[in-house]
Amino acid sequence: LYHVLLIFLVMSSNIRQFVQHGRKIVAVGRNYRDHCAELNNPVPTTPLLFMKPPSAYLEEGKGSILIPRACSSLHHEVELGVVIGSLCRDATEASAMEHVAGYALTLDMTARDLQEKCKKNGTPWEIAKCFDTALPVSRFLEKSEVQDPHAVTLWCKVNGEERQRSCTDQMVFNIPTLLSYISSMFTLYPGDLVLTGTPAGVGPVVAGDSITCGLEVAKKTVVEFQFTVDKR
């Protein structure tokens with residue numbers, strides 16, 4: 001019994017330290033209709049997936065968001081992250097939430113000019129999404145702190161000016177749908193992170209800017225973080 005309890009405690013600790021222990025980050029593009037409209041993109045009929053590497057993580061207090069040298073238009077995208085708690089493979093929509101350990105507030109930083117160039121050339125987006133510091137994250141949020149992940153308000157401010165604010169009930173594909181679809185393609189492991197998309201209001205930041213983001217439940221702030229922007 002002692003060994004079982006010890007294993008459970010170690011696994012729980014590892015999941016809470018998902019930045020250090022997660023294997024991958026699966027991101028979902030164009031998952032809010034208003035964001036699709038602002039970038040003149042069609043609303044997907046199936047989830048649009050891309051990946052970020054763990055090397056993109058940036059925890060608060062561990063440095064600034066660094067603009068890649070080749071980038072001239074870096075955009076902020078605030079998102080709800082879903083932390084996986086148990087092996088998730090071919091999950092049904094009905095069972096998908098059983099694999100969720102908790103959540104995180106995240107920023108999917110995007111080199112928009114490089115992304116547009118990739119889209120024009122029909123090439124993948126890695127250069128625009130996977131650079132160092134491209135994924136600022138909050139602390140791990142317990143499920144008890146976010147009891148309904150589809151009733152969460154996300155906001156993002158740049159230099160104190162609000163740029164983004166929306167509720168997660170505006171997602172095109174909800175979390176069970178996303179986890180079922182993703183896990184039908186590849187297995188999700190404990191500590192993996194799923195980014196659920198960003199609402200409208202994305203926009204550019206430059207060196208010297210300060211980005212502050214928050215996650216609210218029932219109009220009360222659960223978590224907030226702040227990052228400065230600098231050149232690499």
Side-chain angles (χ1 to χ4, degrees), residues 15 18-19 21-36 39 41 44 46-60 65 74-85 88 91 96-97 99-112 115 124-126 128-141 143 146 149-150 152-156 164 166-183 185-202 211 213-215 222-223 225 227:
I15 290 169
F18 64 94
V19 171
H21 298 285
R23 296 187 180 191
K24 59 181 173 293
I25 300 103
V26 184
V28 181
R30 305 177 190 173
N31 201 31
Y32 286 76
R33 287 181 175 82
D34 56 0
H35 175 56
C36 293
L39 295 184
N41 289 320
T46 56
L48 174 64
L49 306 181
F50 61 95
M51 308 283 278
K52 281 180 174 272
S55 57
Y57 275 127
L58 177 62
E59 296 177 279
E60 192 172 19
I65 298 167
L74 182 67
H75 279 209
H76 58 80
E77 299 186 4
V78 67
E79 308 199 9
L80 175 67
V82 178
V83 182
I84 302 301
C88 182
M97 296 304 290
H99 299 284
V100 176
Y103 303 94
L105 176 64
T106 73
L107 270 171
D108 174 18
M109 299 304 297
T110 303
R112 189 70 70 201
Q115 184 187 41
W125 297 350
E126 279 85 352
K129 292 283 191 178
C130 299
F131 54 90
D132 292 348
T133 74
L135 184 51
V137 293
S138 73
R139 64 174 177 84
F140 176 82
L141 301 175
K143 286 201 288 186
V146 184
H150 301 102
V152 167
T153 296
L154 304 174
W155 56 263
C156 176
Q164 293 182 272
S166 187
C167 182
T168 50
D169 65 1
Q170 298 301 303
M171 290 182 190
V172 177
F173 304 104
N174 65 17
I175 294 169
T177 301
L178 293 176
L179 296 184
S180 178
Y181 181 80
I182 292 167
S183 68
M185 301 293 180
F186 37 81
T187 303
L188 294 169
Y189 290 89
D192 285 353
L193 186 70
V194 175
L195 304 182
T196 56
T198 193
V202 303
I211 307 176
C213 297
L215 182 152
V222 175
V223 71
F225 63 49
F227 290 92

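The model shown is predicted, which means the values in this text are computed figures rather than measured ones. Throughout, residue positions are numbered sequentially from 1 according to the sequence presented.
- What you find for Ala111 and Leu74 is that their closest heavy atoms are N-CD1, 4.0 Å.
- Considering every non-hydrogen atom in both Met109 and Thr133, the closest pair reads CG-O, 4.2 Å.
- Checking side-chain atoms of His150 against main-chain N and O of Ile175 turns up a donor-acceptor pair under 3.5 Å.
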- Task: I would like to know whether Val194 and Ile182 meet side chain to side chain contact (heavy atoms under 4.5 Å, CB included); could you show each step before the answer?
- Result: CA-CA 9 Å; Val194 175; Ile182 292 167; 3.8 Å; yes
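- The closest donor-acceptor contact from the side chain of Lys24 to the backbone of Pro54 lies at 3.5 Å or more, if one exists at all.
- Within the 4.5 Å cutoff, the side chain of Leu141 has no heavy atoms near those of the Val83 side chain.
- Of all the heavy atoms in Pro44 and Thr46, the pair that sits closest is CB-O, 3.2 Å.
- Minimum interatomic distance between Glu79 and Thr196 (heavy atoms only, all atoms of both residues): OE1-N, 3.6 Å.
- Residue Thr110 forms a side-chain hydrogen bond (donor to acceptor under 3.5 Å, both in side chains) with just one option from His75, Lys129, Gln115, and that option is Lys129.
- Aromatic ring orientation, Phe140 versus Phe18: tilted (interplanar angle from 30° to 60°).
- With hydrogens and angles disregarded, no donor-acceptor distance shorter than 3.5 Å links the side chain of Lys52 to the backbone of Leu135.
- Under the side chain to side chain contact (heavy atoms under 4.5 Å, CB included) rule, Thr106 has a single partner from Ile25, Val82, Leu193, Leu80, which is Leu193.
- Scanning all heavy atoms of the two residues, the minimum distance from Tyr103 to Pro149 falls at OH-CG, 3.3 Å.
- Atom CZ of Arg23 has 12 or fewer neighbouring heavy atoms from other residues, nucleotides or ligands inside a 6.0 Å radius.
- The minimum heavy-atom distance linking Tyr181 with Leu49 is given by the pair CE2-CD1, 3.8 Å.
- In this structure a side-chain-to-backbone donor-acceptor pair under 3.5 Å is missing from Thr177 to Phe173.
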- Test side chain to side chain donor-acceptor pair (under 3.5 Å) on Thr198 and Gln164 and set out the steps. CA-CA 9 Å; Thr198 193; Gln164 293 182 272; 2.8 Å; yes
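- Between the side chain of Asp192 and the backbone N or O of Gly22, no donor-acceptor pair lies under 3.5 Å.
- Judged by distance alone, the side chain of Asn31 and the main-chain N or O of Met171 form no donor-acceptor pair under 3.5 Å.
- A donor-acceptor pair under 3.5 Å is absent between the side-chain atoms of Ser138 and the main chain of Ala104, judged by distance alone.
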